[in-house]
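The block underneath contains the structure these notes are about, expressed in structure tokens.
Just follow the structure's listing: the first ligand is 1, and inside any ligand the first atom is 1. Because the structure is a prediction, the values reported are computed rather than measured.
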Amino acid sequence: MASSFKPEQARVPSALPLPAPPLTKFNIGLCQLSVTADKKRNISHAKKAIEEAASKGAKLVLLPEIWNSPYSNDSFPVYAEDIDAGGEASPSTAMLSEVSKRLKITIIGGSVPERVGDRLYNTCCVFGADGELKAKHRKIHLFDIDIPGKITFMESKTLTAGETPTIVDTDVGRIGIGICYDIRFQELAMIYAARGAHLLCYPGAFNMTTGPLHWELLQRARATDNQLYVATCSPARDSGAGYTAWGHSTLVGPFGEILATTEHEEDIIIAEIDYSILDQRRTSLPLNKQRRGDLYQLVDVQRLDSK
Ligand SMILES: NC(=O)CC(=O)C(=O)O
């Protein structure tokens, strides 16, 4: 019987069905890396961590937000790379491309500062198992925060905001990308879910003020509301750094369950993702059929405009 709730109208355009993923079960590796001021060391360190994750069975590896540079407005212009030029102009992404191809794995390359003319972005590159750059997400929501006596940080002093949501089909499923502060904006996750994402990946560097309260809560909320997997990856904590990361990289399942997590030290988490659970959860708790499209709607502006 057709529902008078008009669930198909709660997403504009209508939500896409969940696509069949290329594989159902695989391991994800979350590399919670220590980051120093030495960029060359950061790159070789990340490379070793990716190799270790792959040797332990990871088919998808996620890196932290800003893993090749300290997280500071002074550092972003100094460490920024011209990703589109590639090669020597972007040693960090050249390494990701080489490793993903050699190991035949998908890499969600955390984020690095990107230079485009006189602009800087906080950018996540996704490399396929063939070493090709499949997608580039520029942090859409810049992290400007001012909690007196606790934390003041203004990314907008140096960075420009990205303009588009990023969802990418990979060998390990359809993945929506957000960077750190992007996780606070539930509409982005809802748009990815409506576009058929199996998994959302958020490289992120929450801090000692918001991390304890919000980091796990937000991941579990995005996963529970959208009935999909959420993976996050933070830098390891360095208490001597100007910005102290919270750590606690995590994988959350589609029922909001923590499947794997860690503390704040350097670590490589290997955990299993099983996409067959998505259909099970959505059948048992059919939120997509129960939405009140007669009362509210989420408009995906980009998809609407491309129609
Ligand atoms: N660093 C961020 O982008 C976000 C963050 O720390 C927060 O939202 O809190």
For ligand 1, which atoms have a heavy atom of [X] less than 4.0 angstrom away?
{"X": "Y243", "value": "1 (N), 6 (O)"}
{"X": "C180", "value": "1 (N), 2 (C), 3 (O), 4 (C)"}
{"X": "T210", "value": "6 (O), 7 (C), 9 (O)"}
{"X": "Y181", "value": "2 (C), 3 (O), 4 (C), 8 (O)"}
{"X": "R184", "value": "7 (C), 8 (O), 9 (O)"}

Checklist entry - Between atom CG of L30 and atom OG of S249, what is the distance when rounded to the nearest 0.5 Å? => result 6.0 Å

Checklist entry - What is the nearest protein non-hydrogen atom to atom 6 (O) of ligand 1, stated with its residue, atom name and distance? => result N207 ND2, 3.0 Å

Checklist entry - Who's the nearest protein heavy-atom neighbour of atom 3 (O) of ligand 1, and how far? => result K139 NZ, 2.8 Å

Item to check | Expected output: side-chain E155 to main-chain F143 donor-acceptor under 3.5 Å | outcome: yes

Item to check | Side chain S284, main chain Q280, donor-acceptor under 3.5 Å | outcome: yes

Min heavy-atom dist [X] to ligand 1 below 4.0 Å:
{"X": "H141", "value": "no"}
{"X": "Y71", "value": "yes"}
{"X": "Y202", "value": "no"}

Next on the checklist: T262 vs H248, test: side chain to side chain contact (heavy atoms under 4.5 Å, CB included). Steps then yes/no.
Outcome noted: CA-CA 5 Å; T262 187; H248 296 260; 5.7 Å; no

Checklist entry - Any chance the rings of F206 and W246 have centres within less than 6.0 Å? => result no

Item to check | Backbone or side-chain N or O of A205 under 3.5 Å from ligand 1 N or O | outcome: yes

Checklist entry - Any nitrogen or oxygen of E155, main chain or side chain, under 3.5 Å from a nitrogen or oxygen of ligand 1? => result no

Checklist entry - Would you call the rings of F185 and Y181 parallel, tilted or perpendicular if under 30° counts as parallel and over 60° as perpendicular? => result perpendicular

Checklist entry - Do NZ/NE/NH1/NH2 and the carboxylate oxygens of R102 and E98 come within less than 4.0 Å? => result yes

Checklist entry - If you count the non-hydrogen atoms of other residues, nucleotides and ligands that lie under 6.0 Å from CZ in R292, is the total more than 12? => result yes

